[in-house]
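So that the names make sense, note that chain A is the first sequence line, chain B the second, and so on, each numbered from 1.
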2 protein chains.
Amino acid sequence: MATGTRDRILAAASTLLRRQGYNATGVKQVIDESGAAFGSLYHFFPAGKEELGAEAVMVSSAAFERLLAEAFDGVPDAATGVRRLFAEAARQLVDSGYAEGSAIATVALETANSSERVREACAAAFERWLTAAAARIAAGGAGTVPGTQRTPGNRAVELAVGVVAALEGALVLARTLRSTEPLRIAGELVAQQVDVALARP
Amino acid sequence: MATGTRDRILAAASTLLRRQGYNATGVKQVIDESGAAFGSLYHFFPAGKEELGAEAVMVSSAAFERLLAEAFDGVPDAATGVRRLFAEAARQLVDSGYAEGSAIATVALETANSSERVREACAAAFERWLTAAAARIAAGGAGTVPGTQRTPGNRAVELAVGVVAALEGALVLARTLRSTEPLRIAGELVAQQVDVALARP
DNA sequence: GTCTATATCTCGATAGAC
DNA sequence: GTCTATCGAGATATAGAC
């Protein structure tokens with residue numbers, strides 16, 4: 001089955017961590033929202049909150065990877081994929097009443113120097129995002145003229161770092177300022193940079 | 001005098017919030033680190049932790065504004081100022097053992113939907129950073145040839161958003177991945193963008 | 001203004017019946 | 001595997017002597 005008790009606990013934790021962060025999210029609240037029994041938490045996650053947090057981060061990471069793939073699917077060029085990625089992030093932010101920004105940035109900052117286990121899960125998530133983004137940028141979009149494609153080298157990786165950093169930073173600004181302007185501006189800037197870099201390699 | 005009890009409490013709170021965030025920092029810990037008495041906290045900050053947090057954010061904001069000013073002082077062009085800003089952020093991160101990243105990003109994300117008072121302080125801080133960065137970029141650096149300077153219009157503001165977003169996002173990545181590479185890469189990308197934008201307006 | 005003692009609450013985690 | 005009761009620690013905040 002796809003929605004066992006463990007999965008429901010993880011789904012609830014993933015949402016709560018995104019909205020409230022790690023320290024503000026109590027294990028009891030996770031249990032309440034998931035509908036599971038309190039004892040089930042320590043049955044499925046013997047190491048407690050840290051284990052739950054690390055696993056929930058992996059769930060959130062996978063969700064973002066799907067979002068990233070959707071943004072780049074069928075686009076004429078990589079810059080369009082970047083624009084769609086930022087637009088979708090803005091949509092989620094507004095639709096949630098500015099409650100849902102980056103899926104793991106809050107948790108990553110909170111646990112960077114207090115929980116090695118959760119921090120490693122966040123680091124693994126960012127690594128996967130960077131790898132996925134670099135691959136999409138290196139592909140250059142479906143509309144790239146054959147023969148002009150670049151190898152997925154350093155430039156694509158560097159642009160991927162620029163895209164992810166701009167997205168994460170713009171989400172911090174947007175959530176705090178309660179405005180999508182930072183996402184619109186930063187997204188357009190980095191999209192143009194991807195466009196230029198792929199056009200003149 | 002410049003270092004009264006209130007100032008010492010704020011200084012301790014500012015440092016702890018930067019390293020641990022809002023929820024992980026207890027008022028008791030702030031008091032211990034400041035050397036003040038517990039009762040002094042509620043004497044100077046009657047509204048308690050939220051008031052202390054908001055005031056500490058303002059202190060951190062001012063410190064970053066000084067850092068930004070120093071990075072741009074005496075540079076031949078704005079892009080050099082951006083490079084110095086990112087380099088200084090990387091230095092602080094490494095020197096602190098990856099404990100001190102953005103002065104307020106963690107607090108901003110934690111309180112975005114739980115404390116309006118602290119969130120507003122963070123929003124005011126970001127607004128000031130953007131304004132200051134835009135002014136420096138619009139100035140174009142001391143080495144700008146007379147007659148080629150641009151008015152501090154929309155472009156400088158947009159570039160400022162790009163710079164601050166890239167810095168905040170790169171700090172999230174760098175702190176989590178325990179590497180200064182994201183700061184180096186994102187900083188260089190955004191510096192080049194500032195350079196190009198100022199050269200061809 | 002400073003300091004100590006304490007009230008009240010919630011946290012993560014555990015024990016043990018079923 | 002599920003569920004309840006509870007522990008001990010630590011949180012913010014308050015009261016009141018000095």
Quick one, B:V118 and B:C122 - any side-chain contact, counting heavy atoms below 4.5 Å?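 Contact flag for B:V118/B:C122 side chains = yes.
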
Please examine the side chains of A:L68 and A:R128, heavy atoms only from C-beta on, and report whether any two atoms are closer than 4.5 Å.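 No; the side chains remain at least 4.5 Å from each other.
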
Selected nucleotide, minimal atom distance to [X] side chain, candidates [options]:
X     : options              : value
A:F38 : D:dA5, C:dT2, D:dT12 : D:dA5
B:Y42 : D:dA13, C:dG1, D:dA5 : D:dA13
A:H43 : C:dT2, D:dA5, D:dT2  : D:dT2

Using atom [atom1] of [X] as one end and atom [atom2] of [N] as the other, report the distance to the nearest whole Å.
X     : N      : atom1 : atom2 : value
A:R6  : D:dT2  : CZ    : P     : 13 Å
A:K49 : C:dT14 : NZ    : P     : 15 Å
A:N23 : D:dT12 : CG    : C1'   : 16 Å
A:I9  : D:dC3  : CD1   : C1'   : 13 Å
A:Q29 : C:dT10 : CD    : C1'   : 12 Å
A:F45 : D:dT2  : CZ    : P     : 12 Å
B:I31 : D:dT14 : CD1   : P     : 15 Å
A:R8  : D:dG1  : CZ    : C1'   : 13 Å

Taking any heavy-atom pair under 4.0 Å as a contact, classify B:G26: base, sugar-phosphate, or nothing.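 It contacts sugar-phosphate atoms only.
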
Under 4.0 Å, counting only non-hydrogen atoms across every strand here, what does A:G48 touch: a base, just sugar-phosphate, or nothing? sugar-phosphate

May I ask you to check whether over 12 heavy atoms, not counting those of B:R19, lie within 6.0 Å of atom CZ?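 Result for CZ/B:R19: enclosed.
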
Hey, what do you get for CG (B:L171) to CG (A:L109), rounding to the nearest 0.5 Å?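 The distance works out to 9.0 Å.
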
Describe, in one word, how the ring planes of B:Y42 and B:F38 are oriented to each other, choosing from parallel (under 30°), tilted (30 to 60°) and perpendicular (over 60°). tilted

Starting at the 5' end of DNA chain D, which residue's closest nucleotide do you reach first, A:F44 or B:P46? A:F44

Find which nucleotide of DNA chain D each of A:S40 and A:K28 is nearest to by heavy atoms, and output the residue with the more 5' nucleotide.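 Closest to the 5' end, via its nearest nucleotide, is A:S40.
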
Distance check: side-chain N/O of A:T5 vs OP1/OP2 of D:dG1, anything under 4.0 Å?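 No, because none of the side-chain N or O atoms of A:T5 sits under 4.0 Å from OP1 or OP2 of D:dG1.
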
